[in-house]
Amino acid sequence: MLIAMDFDGVVVDGVDECMLITWNVLHDRPLSDFNKNVLQKIPSLMAKRFRKLRNFVRHDGHFISSFTEFGNEAIDNDRFTAIYESIPTEEKEIFRDKFIQYRNLARSIYPSFWAELHRPLLDVSNLFETANDIYIVLGKDEESISFILSKYG
């Protein structure tokens, strides 16, 4: 039997990593602000909304939508897409480039904290103790996935 799992959302929850990077990029915060203190100071309503909208994100550029428009509206995939599409293309491209650059620097300078921001959703230490073929579908690079999995056993 073949088992395929998405890394983000099935094996680990990386929403805090994505939220902290998005917050820092959108507020032009320095890399030294990639820390627990800044994460905990993100306003709770914004953090709650970010977590809710995470379900609609299909690539890292979509994170710009999570802090763009606020309200108590019931959001669905169509509304999320409309918010994203309303942002000028150049602004989206600049955000995505900055997001990727910030993530790469944060991962290389603060590897342990970066990995800790990915909470296991299942017992990683027993993940590969099966006769089945396990495949992990990912948006991150293989080295990062291996580092996170090793951190949790």
From Arg54 CZ over to Phe80 CZ, what is the distance, rounded to the nearest 0.5 angstrom?
9.5 Å

Arg96: side chain to side chain donor-acceptor pair (under 3.5 Å) partners, not counting sequence neighbours:
Asp60

For Asn77, give me all partners under side-chain contact (heavy atoms from CB on, under 4.5 Å), at least two apart in sequence or on another chain.
Phe56, Thr81

Point-to-point distance, once rounded to the nearest 0.5 Å, from OG of Ser144 to NE2 of His118:
8.0 Å

Applying a strict under-4.5 Å side-chain criterion to I, L, V, M, F, W and Y, I'd like to know whether Met19 and Phe113 cluster together.
yes

Gap between atom CZ of Arg79 and atom CD1 of Ile83 - 0.5 Å precision:
4.5 Å

Using residues 31-46 as the side-chain source, report each donor-acceptor pair under 3.5 Å to any protein atom, sequence neighbours left out, with the distance given to one decimal.
from	atom 1	to	atom 2	distance (Å)
Asp33	OD2	Arg29	NE	3.0
Asp33	OD2	Arg29	NH2	3.3
Asn35	OD1	Asn37	N	3.0
Asn35	OD1	Val38	N	2.9
Asn35	ND2	Ser32	O	2.9

Who passes side-chain contact (heavy atoms from CB on, under 4.5 Å) against Ser146, sequence neighbours left out?
Glu142

By the salt bridge (Lys or Arg N to Asp or Glu O under 4.0 Å) test, which pairs, at least two apart or in different chains, include something from residues 14-25?
Asp16-Arg51, Glu17-Arg103

Contacts of Asn104 that satisfy side-chain contact (heavy atoms from CB on, under 4.5 Å) - sequence neighbours left out
Ile100, Arg107

Those residues at least two apart in sequence (or on a different chain) that pass salt bridge (Lys or Arg N to Asp or Glu O under 4.0 Å) with Asp28 are Lys98

Just to verify, what does Trp23 make a ring pair (Phe, Tyr, Trp, His ring centres under 6.0 Å) with, not counting sequence neighbours?
His27, Phe67

Heavy-atom pair of closest approach, residues Ser65 and Ile87:
OG-CD1, 4.1 Å

Sequence neighbours excluded, the answer for side chain to side chain donor-acceptor pair (under 3.5 Å) partners of Tyr102 is Asn24

Count I, L, V, M, F, W, Y as connected when their side-chain heavy atoms are under 4.5 Å apart, and connections chain through other members. Are Leu20 and Leu105 then in the same cluster?
yes

Atom CD1 of Ile148 and atom CD of Glu143: how far apart are they, to the nearest 0.5 Å?
11.0 Å

Taking C-beta and beyond as the side chain, do Phe50 and Val57 meet within less than 4.5 Å on heavy atoms?
no

Let me confirm one number: the OH-OG distance from Tyr84 to Ser66, rounded to the nearest 0.5 Å.
11.5 Å

Just to verify, what does Phe95 make a side-chain contact (heavy atoms from CB on, under 4.5 Å) with, not counting sequence neighbours?
Thr22, Val25, Leu26, Phe63, Ile64, Phe99

